[in-house]
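Everything quoted here is computed from the prediction, not taken from an experiment.
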Amino acid sequence: MRTAGVFIFLILLVSCTGSELRTDYVRAEVLWNKANYQAAARQFERVYLKDPQGDLGLQALYRSAVTEYLFIKNYPEALRLFRLYFEANPRGKSSTDALLQVGEIFYSLTHQYEQAIAHYRRLLEDERFKTMRPEFLFRISRSQFFLWRFEDAIQTLELLRRESQELSWQLKAIYHLGMNHLSLAERRVVSPEGESSEEGALDGDGADPMRHYSEALKDFEWVQAQGGSHPLALDAGIGVVTALEGQGKWLEAQERLIEIQKKFSENRVLKIHQLRIQERLTRQSRARKR
């Protein structure tokens, strides 16, 4: 009888504890619905700490992370909570969302590009994200670009171009290949005194900058030809003009610019190029007259 009494007491205790946990969770939801996000996030985390391995505790942990991410915008705390979540529940129904949101924080919100590269490379190895491979490769390439690792970005974009046959990804990959070649051609170095200057005849990878202008021109012309009404077609047209300017082909750059202006006459970037080309052609004309 004594053993039976202890058993009944334990059942009642578990039942009571579960009821209290659900009450705590509901309290967090009430706070959240009242837009009291700071208090809701703390309450969700308290539920998790009481039930770190249970379904309700893990659900509370995820809700706390999402609240920190979307509403409080405390990104370091959101990262900590998301990591706790997918470490405790790596194959849970929300673990894929947690991993994607970590990438979004690194890449889009805090611009921690080294961390973004490492994170997306790990996701490339995860079968659950197989259909998102083009997006991850693109984000890796953009992170490399923002870190001025243009050669690395070119390698990543070449991989994206080879793997994805969708026109939208082809346009993105080839346009950004052009941008990276253009960046290599126009790259500046900073002297020990902090002064910016042109690089010499050779750029960092030992190639003539004119080669990069030529590669950029080829990429931009392809996007312009294939892009139709895609927004990148205009950007590629501007890239063509920029590459021609870099090659010193000012008259050809002017002709291409006039073609683009027929469609996009009010674009401010085009007006800047127009002034630059006119100034350079005027200087060349004056030099010839001397």
Side-chain angles (χ1 to χ4, degrees), residues 137-138 140-162 169-227 230 232-261 264 267-290:
L137 287 173
F138 180 71
I140 289 170
S141 76
R142 293 299 288 155
S143 298
Q144 291 165 331
F145 176 85
F146 292 131
L147 292 168
W148 283 45
R149 285 160 44 185
F150 305 123
E151 293 95 340
D152 291 342
I154 286 171
Q155 290 182 10
T156 304
L157 288 164
E158 288 287 4
L159 179 59
L160 173 58
R161 182 185 62 80
R162 289 195 302 271
W169 282 117
Q170 288 279 309
L171 290 170
K172 269 189 174 184
I174 295 174
Y175 171 77
H176 286 283
L177 277 168
M179 288 300 296
N180 278 277
H181 280 296
L182 198 62
S183 297
L184 279 169
E186 297 187 338
R187 186 166 56 183
R188 304 290 190 266
V189 295
V190 179
S191 70
E193 292 76 23
E195 296 177 355
S196 179
S197 62
E198 294 277 358
E199 288 202 358
L202 301 180
D203 66 18
D205 65 0
D208 185 342
M210 288 299 151
R211 178 179 72 81
H212 290 299
Y213 279 126
S214 296
E215 290 293 329
L217 182 60
K218 180 178 67 176
D219 292 332
F220 291 138
E221 286 180 330
W222 188 93
V223 174
Q224 204 178 15
Q226 301 295 323
H230 194 284
L232 283 178
L234 169 61
D235 295 336
I238 295 171
V240 167
V241 172
T242 305
L244 289 169
E245 289 172 354
Q247 292 176 321
K249 299 177 180 179
W250 296 99
L251 281 174
E252 190 176 346
Q254 185 181 52
E255 290 169 3
R256 296 294 190 96
L257 183 62
I258 291 169
E259 290 176 15
I260 302 170
Q261 285 177 318
F264 306 98
N267 186 283
R268 286 187 296 176
V269 176
L270 295 178
K271 290 179 180 179
I272 292 170
H273 280 279
Q274 182 181 21
L275 290 171
R276 185 160 65 192
I277 291 169
Q278 286 174 346
E279 179 187 3
R280 183 55 65 95
L281 289 174
T282 299
R283 284 164 56 186
Q284 287 181 349
S285 176
R286 288 173 180 168
R288 282 195 296 270
K289 287 178 181 177
R290 290 174 190 168

So how far is it from [X] [atom1] to [Y] [atom2], rounded to the nearest 0.5 Å?
X: L184; Y: W148; atom1: CG; atom2: CH2; value: 10.5 Å
X: I277; Y: E255; atom1: CD1; atom2: CD; value: 10.5 Å
X: F150; Y: S141; atom1: CZ; atom2: OG; value: 12.0 Å
X: F145; Y: I154; atom1: CZ; atom2: CD1; value: 10.5 Å
X: L159; Y: Q155; atom1: CG; atom2: CD; value: 9.5 Å
X: R149; Y: I140; atom1: CZ; atom2: CD1; value: 10.5 Å

Point to revise | Any donor-acceptor N or O pair under 3.5 Å, side chains Q247, S214 | key: yes

Work out which heavy atom in [X] is nearest to a heavy atom in [Y]; give both atom names and the distance.
X: A185; Y: P209; answer: CB-O, 3.6 Å
X: V240; Y: L217; answer: CG1-CD1, 3.7 Å
X: L182; Y: A216; answer: N-CB, 3.9 Å
X: G178; Y: D219; answer: N-OD2, 3.4 Å

Which pairs would a plain distance check flag for residues 169-176, meaning a side-chain donor or acceptor within less than 3.5 Å of a matching protein atom at least two apart in sequence or in another chain?
unit_1	atom_1	unit_2	atom_2	d
Q170	NE2	R161	O	2.6
Q170	NE2	S164	O	2.6
H176	ND1	R142	NH1	3.3

**Study point:** CA sep, side-chain torsions, deciding dist, call: E215, K218, salt bridge (Lys or Arg N to Asp or Glu O under 4.0 Å)
**Key:** CA-CA 5 Å; E215 290 293 329; K218 180 178 67 176; 3.2 Å; yes

Point to revise | Test side chain to side chain donor-acceptor pair (under 3.5 Å) applied to Q144 and N180, T156, D152, the passing residue | key: T156

Practice item. Check step by step if side-chain contact (heavy atoms from CB on, under 4.5 Å) holds for E221 and Q226. Key: CA-CA 9 Å; E221 286 180 330; Q226 301 295 323; over 6 Å; no

Exercise for review: Hey, could you give me each pair passing salt bridge (charged side-chain N to carboxylate O under 4.0 Å, His left out) that has a residue in residues 241-250? Not counting sequence neighbours.
Suggested key: E245-R276

Practice item. Applying ring pair (Phe, Tyr, Trp, His ring centres under 6.0 Å), name anything that partners Y213, two or more places apart in sequence or on another chain. Key: none

